[in-house]
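Numbers restart at 1 for each chain; the letters A, B, ... are given by sequence-line order, proteins then strands. What you see is a predicted model; the values in this text were computed from it and never measured.
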Protein chains: 2
Amino acid sequence: MNETSILGYALLGLLLQKPRSGYDLRKIFTATPMRTFSDSPGAIYPALRRLEERGLVRSHVQERSGLRRRRLFRPTSAGVAEFKTWQTKAILRDDLIRRTDELMLRFAFMDETIGPKKSLEFLKALAGELASYIPSLRTCLGPREGHMPLSGRLALESGIQGYEALLRWARKAIAVYERKEKGRA
Amino acid sequence: MNETSILGYALLGLLLQKPRSGYDLRKIFTATPMRTFSDSPGAIYPALRRLEERGLVRSHVQERSGLRRRRLFRPTSAGVAEFKTWQTKAILRDDLIRRTDELMLRFAFMDETIGPKKSLEFLKALAGELASYIPSLRTCLGPREGHMPLSGRLALESGIQGYEALLRWARKAIAVYERKEKGRA
DNA sequence: AGGTTCATGTAACCCGTTACATGATTTC
DNA sequence: GAAATCATGTAACGGGTTACATGAACCT
């Protein structure tokens, strides 16, 4: 029994908001900023089937007068649990390097699942990891800079600036959550 | 005969700089900022074999007194040609959404292959595409903002800010190339 | 003698891509 | 009655991940 893929978690997260059909999910992946995910039926329907086989979602056919019948999916309690576990696992250096998208997806549904307190914790962990990673990137490429072609140097610089932008975003987001907390207190 | 994968192009680009062995390439993927690529032998050696089968690289075994013999790869003229074609193809909206990494990889080797003039053209095209994409993202999520949980909204915002950072980077890079051009004139 | 680094591979597995297929319902 | 939209699937293919395997040279 294998791990759930990122697509699987994206589907789970959307189903946590409300029950949806495969077609609903596809539409989200074509029409909203979640279009980084593929809206191809060849990806989504098998992914839903796997989620069901693993007991993370349950589905039943919804009969509707007039309209075509469709299969509605909703997460099971095991699905919710696995989703939360995935969201709260530690942030590793490697997540920063290869799985930034996954980190953002984990965060995107946090308020709805584990609440703003945990969202804030996540952001702090993310900011901490970024703050330690960025300087290490700089020192790693600093010495090389001399004998590198301009475009190569700039490409690396773009990566670093991407991380710096992410750190600025995380810090602002932290401030937003903290203001909200104080406001409630 | 299928298309070359991103990993394939990364390998080709590095081989364009100088002949290297599979092991050399692996080390680059473990030790440099190119670590977004997998350094697993199960990815690299098959990828090299495919490149060779497609006639994009040639290899020969290098015998070395004392040291273990190793297989050195170098691009063929067909390989160079395909690489340049890949680098110069049009920048699509979809590249921005799903393949930013690939765009950066295309740019990273440009000075060495097709020269600074083309690099500048690439940057201008990229900046243009970004400048048209970012507002469309903003207007797409603007209306939704009301009925979205905070973490979801922030996650989207992070995506947009990532694109904005990329645009700032591109504009600075354009300025660098243009200064260099004037300096030479 | 034993551990590390150099060096190259293979095999199973999984998932995403692409393309194809089907059929109901709504709209013109 | 034809086209578009709703809705759900399957099948071939390819490439990346993970894990395993091997063996030479070097260092201690």
Side-chain angles (χ1 to χ4, degrees), chain A residues 1-12 19-31 34-54 56-57 59-73 94-95 97-99 101-102, chain B residues 1-12 19-31 34-54 56-57 59-73 94-95 97-99 101-102:
Chain A
M1 189 82 45
N2 225 317
E3 267 179 39
T4 305
S5 69
I6 298 190
L7 173 61
Y9 284 115
L11 296 171
L12 253 183
R20 302 180 202 256
S21 68
Y23 191 73
D24 289 338
L25 294 161
R26 285 188 61 202
K27 274 188 300 181
I28 291 172
F29 294 156
T30 32
M34 285 191 83
R35 60 175 129 260
T36 40
F37 293 97
S38 161
D39 67 341
S40 127
I44 289 171
Y45 290 105
L48 287 169
R49 185 160 35 76
R50 285 193 299 273
L51 288 176
E52 191 153 27
E53 278 164 8
R54 288 168 197 170
L56 305 180
V57 303
S59 76
H60 70 274
V61 175
Q62 181 189 35
E63 300 287 352
R64 296 177 301 176
S65 57
L67 290 160
R68 247 211 92 170
R69 67 201 170 90
R70 58 190 205 147
R71 179 175 293 273
L72 272 188
F73 292 84
D94 220 55
D95 294 322
I97 297 173
R98 282 164 225 238
R99 291 179 294 271
D101 294 347
E102 187 177 349
Chain B
M1 190 82 43
N2 225 317
E3 267 180 39
T4 305
S5 69
I6 299 189
L7 173 60
Y9 284 115
L11 296 171
L12 253 182
R20 301 180 203 255
S21 68
Y23 190 72
D24 290 338
L25 294 160
R26 284 188 62 202
K27 275 188 301 182
I28 291 173
F29 293 155
T30 34
M34 284 188 84
R35 58 174 131 262
T36 39
F37 292 97
S38 160
D39 66 342
S40 128
I44 290 172
Y45 291 104
L48 286 169
R49 184 160 36 75
R50 285 194 299 272
L51 288 176
E52 190 154 28
E53 278 164 10
R54 287 168 198 171
L56 306 180
V57 303
S59 76
H60 69 276
V61 175
Q62 182 190 31
E63 300 287 353
R64 295 177 302 174
S65 57
L67 290 159
R68 249 211 90 169
R69 67 202 172 89
R70 58 193 207 146
R71 179 174 294 275
L72 272 188
F73 292 84
D94 220 55
D95 294 320
I97 297 174
R98 281 164 227 239
R99 289 180 295 271
D101 293 347
E102 186 176 351

Worksheet item: Atom CD of B/Glu52 to atom C1' of C/dG9: distance rounded to whole Å?
Response: 14 Å

Practice prompt. Send over the distance from A/Phe37 CZ to C/dT17 C1', rounded to a whole Å.
Written response: 16 Å

Which pairs, protein N/O on one side and nucleotides 21-24 of chain C N/O on the other, fall under 3.5 Å?
{"unit_1": "C/dG23", "atom_1": "N2", "unit_2": "A/Arg68", "atom_2": "NH1", "d": "3.0"}

Fill in: Contact summary for A/Ile97 and B/Arg35, nearest pair of heavy atoms
CD1-CD, 3.4 Å

Worksheet item: At their closest point, which heavy atom of B/Pro41 faces which heavy atom of B/Pro46, and how far apart are they?
Response: O-CD, 3.3 Å

Fill in: Heavy-atom closest contact (A/Phe37 atom, A/Ile6 atom, distance)
CE2-CG2, 3.8 Å

Practice prompt. For A/Arg69 and for A/Arg49, find the nucleotide of DNA chain D with the closest heavy atom, then tell me which residue's nucleotide is more 5'.
Written response: A/Arg69

Worksheet item: Looking only at heavy atoms, what is the nearest atom pair of B/Gly8 and B/Leu51, with distance?
Response: O-CD1, 3.8 Å

Fill in: Atom pair distance, as rounded to whole Å: CZ in A/Arg35 and P in C/dG16
20 Å

Worksheet entry | Whole-Å gap separating C1' (C/dA7) and CD (B/Glu63) | 13 Å

Using residues 23-30 of chain B as the side-chain source, report each donor-acceptor pair under 3.5 Å to any protein atom, sequence neighbours left out, with the distance given to one decimal.
{"unit_1": "B/Asp24", "atom_1": "OD1", "unit_2": "B/Arg70", "atom_2": "NH1", "d": "3.4"}
{"unit_1": "B/Asp24", "atom_1": "OD2", "unit_2": "B/Ser21", "atom_2": "N", "d": "3.1"}
{"unit_1": "B/Asp24", "atom_1": "OD2", "unit_2": "B/Ser21", "atom_2": "OG", "d": "3.3"}
{"unit_1": "B/Asp24", "atom_1": "OD2", "unit_2": "B/Arg70", "atom_2": "NH1", "d": "3.1"}
{"unit_1": "B/Arg26", "atom_1": "NE", "unit_2": "B/Asp39", "atom_2": "O", "d": "2.8"}
{"unit_1": "B/Thr30", "atom_1": "OG1", "unit_2": "B/Arg26", "atom_2": "O", "d": "3.1"}
{"unit_1": "B/Thr30", "atom_1": "OG1", "unit_2": "B/Lys27", "atom_2": "O", "d": "2.9"}

Response to the item:
Between CZ of B/Arg71 and C1' of C/dC6 the distance, given in whole Å, is 16 Å

Fill in: Contact residues, residues 19-30 of chain B to DNA chain C [heavy atom, < 4.0 Å]
B/Ser21, B/Gly22, B/Tyr23, B/Arg26

Worksheet item: Distance check: side-chain N/O of A/Tyr45 vs OP1/OP2 of D/dT8, anything under 4.0 Å?
Response: yes

Fill in: B/Ile44 CD1 - D/dA19 C1' separation (whole Å)
16 Å

Item to complete: Using the test salt bridge (Lys or Arg N to Asp or Glu O under 4.0 Å), find all partners of B/Arg49 that sit at least two apart in sequence or belong to another chain.
Response: B/Glu53

Worksheet item: Whole Å only: how far is the CZ atom of B/Phe73 from the P atom of C/dA7?
Response: 13 Å

Please list, pair by pair, any protein nitrogen or oxygen found under 3.5 Å from a nitrogen or oxygen in nucleotides 15-17 of chain D.
{"unit_1": "D/dG15", "atom_1": "OP1", "unit_2": "B/Arg54", "atom_2": "NH2", "d": "2.8"}
{"unit_1": "D/dG16", "atom_1": "OP1", "unit_2": "B/Ser5", "atom_2": "OG", "d": "3.0"}
{"unit_1": "D/dG16", "atom_1": "OP2", "unit_2": "B/Arg50", "atom_2": "NH2", "d": "2.9"}
{"unit_1": "D/dT17", "atom_1": "OP2", "unit_2": "B/Ser38", "atom_2": "OG", "d": "3.0"}

Fill in: B/Arg71 side, atom CZ; B/His60 side, atom NE2 - distance, nearest 0.5 Å
9.5 Å

Fill in: Non-hydrogen side-chain atoms of B/Leu11 and B/Arg20 separated by less than 4.5 Å
no

Discussion item. Between B/Asp101 and B/Thr36, is there a side-chain heavy-atom distance shorter than 4.5 Å?
Written reply: no

Fill in: Least distance between heavy atoms, B/Tyr9 atom then B/Thr4 atom
CE1-O, 3.4 Å

Discussion item. Surrounding CZ of B/Arg98 (heavy atoms of other residues, nucleotides or ligands, distance under 6.0 Å), is the total greater than 12?
Written reply: yes

Fill in: Protein-nucleotide distance (B/Gln62, atom CD; C/dA7, atom P), rounded to Å
9 Å

Discussion item. Less than 4.5 Å apart, side chain to side chain, heavy atoms only: is that true for B/Leu56 and B/Arg50?
Written reply: no

Practice prompt. Supply the atom-to-atom distance B/Glu63 CD to B/Arg68 CZ, rounded to the nearest 0.5 angstrom.
Written response: 10.5 Å

Worksheet, complete the sentence: One would report the end-axis bend of the helix from C/dA1-D/dT28 to C/dC28-D/dG1, five pairs per end and rounded to 10 degrees, as 20°

Response to the item:
Heavy-atom nearest pair, A/Ser40 first then A/Ser38, reads N-OG, 3.0 Å

